[in-house]
K.L.:
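I am attaching a structure below and will ask some questions about it afterwards.
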Amino acid sequence: MKKKLNLKSIQKMKATGEPVTWITSYDLPFASAAENAGIDMILVGDSGGMVQLGYETTNPVTMDEMIVLAKSARRGAPNTFIVGDMPQGSYEISKEKAVENAMRFVKEAGCDAIKLEGGRRVIDKVKAIVDAGILVVGHLGLTPQSTSSFGGYNVQGKTLKSFDETMEDALALQEAGVMALLLEAMPSEPAGQIAKQLDIPVLGIGAGNEVDGQLIIMHDMMGFYQSFRPWFAKCYVPEVIHDFAAGLKEVDDMKQYGREHRKDGLFAIAEMAIAKYIEEVKARQFPSEEYIYPIKDEQLAEIKQSKYWK
Ligand code: KIV
(Lines give C-alpha, C1' and ligand atoms only; values in the text may rest on other atoms or scores of the structure.)
Protein backbone atom coordinates (compact mmCIF):
# COMPACT_ATOMS: atom_id res chain seq x y z
CA MET A 1 0.00 0.00 0.00
CA LYS A 2 1.18 3.53 -0.84
CA LYS A 3 2.53 5.56 2.09
CA LYS A 4 0.21 8.38 3.19
CA LEU A 5 1.64 11.76 2.17
CA ASN A 6 2.18 14.58 4.65
CA LEU A 7 3.16 18.23 4.54
CA LYS A 8 6.84 17.40 4.04
CA SER A 9 6.39 14.76 1.34
CA ILE A 10 3.93 16.95 -0.59
CA GLN A 11 6.26 19.94 -0.48
CA LYS A 12 9.25 17.75 -1.41
CA MET A 13 7.46 16.80 -4.64
CA LYS A 14 7.82 20.40 -5.81
CA ALA A 15 11.58 20.19 -5.25
CA THR A 16 11.90 16.91 -7.12
CA GLY A 17 9.55 18.00 -9.93
CA GLU A 18 7.06 15.17 -9.40
CA PRO A 19 3.52 16.41 -10.16
CA VAL A 20 1.01 16.03 -7.31
CA THR A 21 -2.22 14.17 -8.20
CA TRP A 22 -5.38 15.43 -6.53
CA ILE A 23 -9.02 14.49 -7.02
CA THR A 24 -12.28 15.41 -5.31
CA SER A 25 -14.32 12.79 -3.44
CA TYR A 26 -17.34 13.22 -1.25
CA ASP A 27 -18.16 9.69 -0.18
CA LEU A 28 -16.78 6.30 0.73
CA PRO A 29 -16.92 4.52 -2.65
CA PHE A 30 -15.15 7.15 -4.73
CA ALA A 31 -12.62 8.03 -2.02
CA SER A 32 -11.84 4.36 -1.66
CA ALA A 33 -11.40 3.96 -5.44
CA ALA A 34 -9.08 7.00 -5.43
CA GLU A 35 -6.99 5.58 -2.59
CA ASN A 36 -6.77 2.15 -4.25
CA ALA A 37 -5.66 3.79 -7.51
CA GLY A 38 -2.83 5.55 -5.63
CA ILE A 39 -3.92 9.20 -5.60
CA ASP A 40 -1.69 11.65 -3.67
CA MET A 41 -4.46 13.85 -2.24
CA ILE A 42 -8.25 14.04 -1.99
CA LEU A 43 -10.30 17.25 -1.80
CA VAL A 44 -13.72 17.10 -0.20
CA GLY A 45 -14.75 20.11 -2.26
CA ASP A 46 -17.76 22.33 -1.79
CA SER A 47 -18.41 21.24 -5.39
CA GLY A 48 -19.96 18.28 -3.55
CA GLY A 49 -22.86 20.63 -2.83
CA MET A 50 -23.56 20.54 -6.57
CA VAL A 51 -22.44 17.14 -7.85
CA GLN A 52 -23.45 15.13 -4.79
CA LEU A 53 -26.22 17.11 -3.09
CA GLY A 54 -27.81 18.71 -6.15
CA TYR A 55 -27.59 22.43 -5.35
CA GLU A 56 -27.31 24.70 -8.39
CA THR A 57 -24.14 26.40 -7.14
CA THR A 58 -21.61 25.70 -4.39
CA ASN A 59 -22.98 28.49 -2.21
CA PRO A 60 -25.85 26.77 -0.35
CA VAL A 61 -23.81 23.85 1.02
CA THR A 62 -23.43 24.10 4.80
CA MET A 63 -20.61 23.25 7.17
CA ASP A 64 -22.70 20.39 8.66
CA GLU A 65 -23.24 18.92 5.18
CA MET A 66 -19.52 19.26 4.37
CA ILE A 67 -18.66 17.38 7.56
CA VAL A 68 -20.90 14.47 6.57
CA LEU A 69 -19.28 14.32 3.12
CA ALA A 70 -15.77 14.58 4.60
CA LYS A 71 -16.42 11.86 7.19
CA SER A 72 -17.62 9.53 4.47
CA ALA A 73 -14.59 10.26 2.27
CA ARG A 74 -12.24 9.73 5.23
CA ARG A 75 -13.79 6.31 5.96
CA GLY A 76 -13.23 5.39 2.32
CA ALA A 77 -9.63 6.62 2.21
CA PRO A 78 -8.08 6.22 5.65
CA ASN A 79 -4.57 6.34 4.20
CA THR A 80 -4.81 9.42 1.96
CA PHE A 81 -4.06 13.10 2.63
CA ILE A 82 -7.54 14.71 2.69
CA VAL A 83 -8.31 18.42 2.38
CA GLY A 84 -11.69 19.71 3.57
CA ASP A 85 -13.10 22.67 1.66
CA MET A 86 -14.49 25.53 3.77
CA PRO A 87 -17.96 26.37 2.39
CA GLN A 88 -19.16 29.92 1.84
CA GLY A 89 -20.04 31.57 5.15
CA SER A 90 -17.85 29.28 7.26
CA TYR A 91 -14.75 31.50 7.43
CA GLU A 92 -15.45 35.07 6.25
CA ILE A 93 -17.34 36.33 9.32
CA SER A 94 -14.57 36.27 11.93
CA LYS A 95 -11.22 34.67 12.71
CA GLU A 96 -12.84 32.77 15.58
CA LYS A 97 -15.54 31.32 13.31
CA ALA A 98 -12.90 30.41 10.70
CA VAL A 99 -10.75 28.55 13.23
CA GLU A 100 -13.78 26.84 14.80
CA ASN A 101 -14.99 25.52 11.44
CA ALA A 102 -11.51 24.55 10.21
CA MET A 103 -11.07 22.64 13.46
CA ARG A 104 -14.33 20.75 12.80
CA PHE A 105 -12.86 19.37 9.56
CA VAL A 106 -9.82 18.13 11.49
CA LYS A 107 -11.46 16.84 14.68
CA GLU A 108 -14.83 15.56 13.44
CA ALA A 109 -13.93 14.40 9.94
CA GLY A 110 -10.24 13.57 10.34
CA CYS A 111 -9.10 15.87 7.51
CA ASP A 112 -5.38 16.62 7.19
CA ALA A 113 -5.83 20.20 5.93
CA ILE A 114 -8.47 22.69 4.89
CA LYS A 115 -8.83 24.81 1.76
CA LEU A 116 -10.41 28.23 1.52
CA GLU A 117 -10.97 30.72 -1.27
CA GLY A 118 -9.37 34.16 -1.48
CA GLY A 119 -6.11 35.99 -0.86
CA ARG A 120 -5.49 39.29 0.94
CA ARG A 121 -9.19 39.81 1.72
CA VAL A 122 -9.19 36.73 4.00
CA ILE A 123 -5.54 36.79 5.07
CA ASP A 124 -6.35 37.40 8.77
CA LYS A 125 -8.53 34.25 8.73
CA VAL A 126 -5.79 32.24 6.98
CA LYS A 127 -3.23 33.36 9.57
CA ALA A 128 -5.56 32.51 12.44
CA ILE A 129 -6.15 28.99 11.10
CA VAL A 130 -2.42 28.46 10.47
CA ASP A 131 -1.68 29.73 14.01
CA ALA A 132 -4.17 27.19 15.35
CA GLY A 133 -1.88 24.51 13.88
CA ILE A 134 -4.10 23.55 10.95
CA LEU A 135 -2.64 23.09 7.45
CA VAL A 136 -4.21 25.44 4.91
CA VAL A 137 -4.38 25.26 1.11
CA GLY A 138 -5.11 28.60 -0.60
CA HIS A 139 -7.37 28.94 -3.65
CA LEU A 140 -7.04 31.75 -6.21
CA GLY A 141 -7.94 32.42 -9.81
CA LEU A 142 -11.57 31.63 -10.43
CA THR A 143 -13.05 31.23 -6.96
CA PRO A 144 -16.61 29.93 -7.41
CA GLN A 145 -17.89 31.24 -4.04
CA SER A 146 -17.31 34.82 -5.20
CA THR A 147 -18.25 34.60 -8.88
CA SER A 148 -20.66 37.54 -8.49
CA SER A 149 -17.75 39.87 -7.63
CA PHE A 150 -15.83 38.53 -10.64
CA GLY A 151 -18.85 39.04 -12.91
CA GLY A 152 -19.30 35.32 -13.61
CA TYR A 153 -17.23 32.18 -14.20
CA ASN A 154 -14.41 33.90 -16.11
CA VAL A 155 -10.90 32.72 -16.89
CA GLN A 156 -8.44 34.66 -14.72
CA GLY A 157 -4.86 35.92 -15.13
CA LYS A 158 -5.21 37.09 -18.73
CA THR A 159 -4.79 40.81 -18.08
CA LEU A 160 -1.97 42.64 -16.32
CA LYS A 161 -4.34 43.68 -13.52
CA SER A 162 -5.66 40.17 -12.97
CA PHE A 163 -2.16 38.64 -13.12
CA ASP A 164 -0.67 41.19 -10.69
CA GLU A 165 -3.56 40.81 -8.25
CA THR A 166 -3.30 37.02 -8.31
CA MET A 167 0.47 37.18 -7.80
CA GLU A 168 0.08 39.59 -4.86
CA ASP A 169 -2.56 37.36 -3.29
CA ALA A 170 -0.37 34.29 -3.87
CA LEU A 171 2.65 35.92 -2.20
CA ALA A 172 0.48 37.05 0.72
CA LEU A 173 -0.88 33.53 1.19
CA GLN A 174 2.62 32.03 1.09
CA GLU A 175 3.76 34.61 3.65
CA ALA A 176 0.77 33.71 5.85
CA GLY A 177 1.95 30.10 5.89
CA VAL A 178 -0.31 28.14 3.53
CA MET A 179 1.13 24.72 2.65
CA ALA A 180 0.08 24.87 -1.01
CA LEU A 181 -1.95 26.95 -3.41
CA LEU A 182 -4.64 25.96 -5.90
CA LEU A 183 -5.13 28.05 -9.05
CA GLU A 184 -8.40 27.63 -10.92
CA ALA A 185 -9.16 28.56 -14.55
CA MET A 186 -6.06 30.33 -15.84
CA PRO A 187 -3.98 29.87 -18.97
CA SER A 188 -0.74 27.89 -18.57
CA GLU A 189 1.69 30.80 -18.79
CA PRO A 190 0.45 33.03 -15.93
CA ALA A 191 -0.24 30.00 -13.71
CA GLY A 192 3.24 28.65 -14.49
CA GLN A 193 4.82 32.00 -13.59
CA ILE A 194 3.12 31.94 -10.20
CA ALA A 195 4.23 28.33 -9.62
CA LYS A 196 7.79 29.26 -10.58
CA GLN A 197 7.97 32.14 -8.14
CA LEU A 198 6.44 30.45 -5.11
CA ASP A 199 8.31 28.01 -2.88
CA ILE A 200 5.14 26.10 -1.99
CA PRO A 201 3.45 23.65 -4.42
CA VAL A 202 1.06 25.43 -6.78
CA LEU A 203 -1.58 23.04 -8.09
CA GLY A 204 -4.03 23.74 -10.86
CA ILE A 205 -7.53 22.94 -12.01
CA GLY A 206 -7.98 24.30 -15.51
CA ALA A 207 -4.66 26.12 -15.00
CA GLY A 208 -2.55 24.43 -17.65
CA ASN A 209 0.45 22.16 -17.47
CA GLU A 210 3.19 24.37 -16.02
CA VAL A 211 2.04 24.06 -12.40
CA ASP A 212 3.21 21.56 -9.76
CA GLY A 213 0.21 19.24 -9.87
CA GLN A 214 -3.40 18.81 -10.97
CA LEU A 215 -6.83 18.63 -9.38
CA ILE A 216 -9.85 17.13 -11.14
CA ILE A 217 -13.49 16.85 -10.09
CA MET A 218 -14.39 13.18 -9.66
CA HIS A 219 -17.87 13.51 -11.15
CA ASP A 220 -16.49 15.24 -14.27
CA MET A 221 -13.81 12.65 -14.90
CA MET A 222 -16.33 9.82 -14.38
CA GLY A 223 -19.01 11.49 -16.50
CA PHE A 224 -21.49 11.43 -13.61
CA TYR A 225 -22.35 15.13 -13.51
CA GLN A 226 -24.94 15.80 -16.18
CA SER A 227 -25.74 19.53 -15.74
CA PHE A 228 -22.54 20.73 -17.45
CA ARG A 229 -18.87 19.88 -17.83
CA PRO A 230 -16.12 22.50 -17.40
CA TRP A 231 -14.12 23.00 -20.55
CA PHE A 232 -10.89 21.81 -18.90
CA ALA A 233 -12.29 18.57 -17.47
CA LYS A 234 -11.51 15.25 -19.13
CA CYS A 235 -13.73 12.19 -18.78
CA TYR A 236 -11.43 9.18 -18.40
CA VAL A 237 -14.03 6.41 -18.76
CA PRO A 238 -13.82 6.03 -22.58
CA GLU A 239 -10.08 5.34 -22.28
CA VAL A 240 -10.42 2.50 -19.79
CA ILE A 241 -13.73 0.89 -20.64
CA HIS A 242 -12.27 -1.36 -23.36
CA ASP A 243 -9.57 -2.69 -21.01
CA PHE A 244 -12.24 -3.25 -18.36
CA ALA A 245 -14.42 -5.25 -20.76
CA ALA A 246 -11.40 -7.11 -22.19
CA GLY A 247 -10.33 -8.14 -18.66
CA LEU A 248 -13.75 -9.63 -17.98
CA LYS A 249 -13.70 -11.66 -21.21
CA GLU A 250 -11.12 -13.96 -19.59
CA VAL A 251 -13.46 -14.70 -16.67
CA ASP A 252 -15.27 -18.07 -16.82
CA ASP A 253 -17.66 -17.71 -13.89
CA MET A 254 -18.73 -14.07 -13.64
CA LYS A 255 -20.93 -14.59 -10.59
CA GLN A 256 -18.12 -16.27 -8.65
CA TYR A 257 -15.58 -13.68 -9.87
CA GLY A 258 -17.86 -10.86 -8.69
CA ARG A 259 -18.34 -12.48 -5.30
CA GLU A 260 -14.64 -13.11 -4.79
CA HIS A 261 -13.05 -9.98 -6.27
CA ARG A 262 -15.82 -7.42 -6.71
CA LYS A 263 -13.96 -6.11 -9.77
CA ASP A 264 -16.90 -6.57 -12.13
CA GLY A 265 -18.66 -3.22 -11.72
CA LEU A 266 -18.47 0.55 -11.58
CA PHE A 267 -15.96 0.53 -8.72
CA ALA A 268 -13.40 -1.24 -10.91
CA ILE A 269 -14.04 1.21 -13.75
CA ALA A 270 -13.61 4.14 -11.33
CA GLU A 271 -10.32 2.70 -10.06
CA MET A 272 -9.04 2.23 -13.62
CA ALA A 273 -10.12 5.74 -14.68
CA ILE A 274 -8.41 7.34 -11.66
CA ALA A 275 -5.26 5.26 -12.27
CA LYS A 276 -5.20 6.55 -15.86
CA TYR A 277 -5.57 10.15 -14.64
CA ILE A 278 -2.68 9.61 -12.20
CA GLU A 279 -0.53 8.11 -14.96
CA GLU A 280 -1.19 11.05 -17.30
CA VAL A 281 -0.59 13.73 -14.64
CA LYS A 282 2.65 12.11 -13.47
CA ALA A 283 3.83 11.95 -17.11
CA ARG A 284 2.67 15.58 -17.64
CA GLN A 285 0.37 14.36 -20.44
CA PHE A 286 -2.69 15.84 -18.73
CA PRO A 287 -3.76 18.52 -19.29
CA SER A 288 -3.00 18.35 -22.99
CA GLU A 289 -3.60 21.34 -25.28
CA GLU A 290 -7.35 20.78 -25.71
CA TYR A 291 -7.91 21.05 -21.93
CA ILE A 292 -5.90 24.29 -21.51
CA TYR A 293 -7.35 27.80 -21.70
CA PRO A 294 -5.70 29.68 -24.57
CA ILE A 295 -4.19 33.13 -24.22
CA LYS A 296 -3.71 35.55 -27.11
CA ASP A 297 -0.20 36.76 -28.03
CA GLU A 298 -1.10 40.35 -27.17
CA GLN A 299 -2.50 39.31 -23.76
CA LEU A 300 0.67 37.35 -23.00
CA ALA A 301 2.81 40.30 -24.09
CA GLU A 302 0.82 42.53 -21.71
CA ILE A 303 1.19 40.32 -18.64
CA LYS A 304 4.89 39.85 -19.39
CA GLN A 305 5.22 43.59 -18.62
CA SER A 306 4.33 42.83 -14.99
CA LYS A 307 6.93 43.70 -12.38
CA TYR A 308 6.41 40.17 -11.07
CA TRP A 309 7.25 38.40 -14.36
CA LYS A 310 10.67 36.74 -14.33
O1 KIV B 1 -15.07 22.45 -4.49
C2 KIV B 1 -14.21 22.13 -5.28
O3 KIV B 1 -14.16 21.02 -5.80
C4 KIV B 1 -13.22 23.13 -5.62
C5 KIV B 1 -12.64 23.02 -6.98
C6 KIV B 1 -13.61 23.48 -8.00
C7 KIV B 1 -11.39 23.80 -7.08
O8 KIV B 1 -12.98 24.03 -4.88
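Worth knowing before you read on, the calculation uses all heavy atoms, side chains too, and leaves out hydrogens, waters and symmetry mates. Counting convention: from 1, in listed order, for ligands and their atoms alike. The structure presented is a predicted model; accordingly, all values stated were derived computationally and were not measured. Numbers for residues simply follow the sequence, beginning at 1.
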K.L.:
Using a strict cut-off of 4.0 Å, indicate which atoms of ligand 1 neighbour a heavy atom of Leu43.
P.N.:
2 (C), 3 (O), 4 (C)

K.L.:
Against heavy atoms of Gly45, which atoms of ligand 1 measure under 4.0 Å?
P.N.:
1 (O), 2 (C), 3 (O)

K.L.:
Closer than 4.0 angstrom, basic N to acidic O: yes or no for Lys4 and Asp112?
P.N.:
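Answer for the salt bridge query: yes.
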
K.L.:
For ligand 1, which atoms have a heavy atom of His139 less than 4.0 angstrom away?
P.N.:
7 (C), 8 (O)

K.L.:
Between Asp46 and ligand 1, is there a nitrogen or oxygen pair with a distance under 3.5 Å?
P.N.:
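By distance alone, the answer is yes.
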
K.L.:
N/O to N/O below 3.5 Å, does that happen between Glu184 and ligand 1?
P.N.:
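Between Glu184 and ligand 1, no N or O pair is found under 3.5 Å apart.
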
K.L.:
Both conditions, 6.0 Å and 45 degrees, for the charged tip of Lys255 above the ring of Tyr257: are they met here?
P.N.:
no

K.L.:
Quick one: does any side-chain atom of Tyr308 pair with a main-chain N or O of Glu168 as donor and acceptor, under 3.5 Å?
P.N.:
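No, because the side chain of Tyr308 does not come within donor-acceptor range (under 3.5 Å) of the backbone of Glu168.
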
K.L.:
If you count the atoms of ligand 1 from 1 in the order shown, which ones are under 4.0 Å from a heavy atom of Leu215?
P.N.:
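In order of numbering, the contacting atoms are 7 (C).
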
K.L.:
Does the side chain of Glu18 come under 3.5 Å of the side chain of Thr16 through a donor N or O and an acceptor N or O?
P.N.:
no

K.L.:
Would you please determine whether Glu117 falls within less than 4.0 Å of ligand 1 on a heavy-atom basis?
P.N.:
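The answer is no, since Glu117 has no heavy atom less than 4.0 Å from ligand 1.
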
K.L.:
Using side chain to side chain donor-acceptor pair (under 3.5 Å), reason through Gln145 and Thr143 one step at a time and then give a plain yes or no.
P.N.:
CA-CA 6 Å; Gln145 290 172 14; Thr143 44; over 6 Å; no

K.L.:
Under 4.0 Å from a heavy atom of Thr24: which atoms of ligand 1 are those, numbered in the order shown and with their elements?
P.N.:
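Heavy-atom distances to Thr24 below 4.0 Å select 3 (O).
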
K.L.:
Can a donor-acceptor pair be found between the side chains of Tyr91 and Glu117 at a distance below 3.5 Å?
P.N.:
no

K.L.:
With a 4.0 Å heavy-atom cut-off (strictly under), which part of Leu182 contacts ligand 1: side chain, backbone, both or neither?
P.N.:
side chain

K.L.:
Assess the pair Tyr291 and Phe286: is the distance between their ring centroids shorter than 6.0 Å?
P.N.:
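Yes, the ring of Tyr291 comes within the 6.0 Å limit of the ring of Phe286, centre to centre.
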
K.L.:
Among all protein heavy atoms in this structure, tell me which lies nearest to atom 2 (C) of ligand 1, with the distance rounded to 0.1 Å.
P.N.:
Ser47 OG, 3.2 Å

K.L.:
Which protein non-hydrogen atom lies closest to atom 8 (O) of ligand 1, naming both residue and atom, and how far is it?
P.N.:
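The protein heavy atom lying closest is Lys115 NZ, 2.9 Å.
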
K.L.:
Just jot down the ligand 1 atoms closer than 4.0 angstrom to any heavy atom of Ile217, in number order.
P.N.:
3 (O), 6 (C)

K.L.:
Taking atom types as modelled, find out whether Tyr277 and Glu239 have a side-chain donor-acceptor pair closer than 3.5 angstrom.
P.N.:
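Checked: Tyr277/Glu239 side chains show no N/O donor-acceptor pair below 3.5 Å.
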
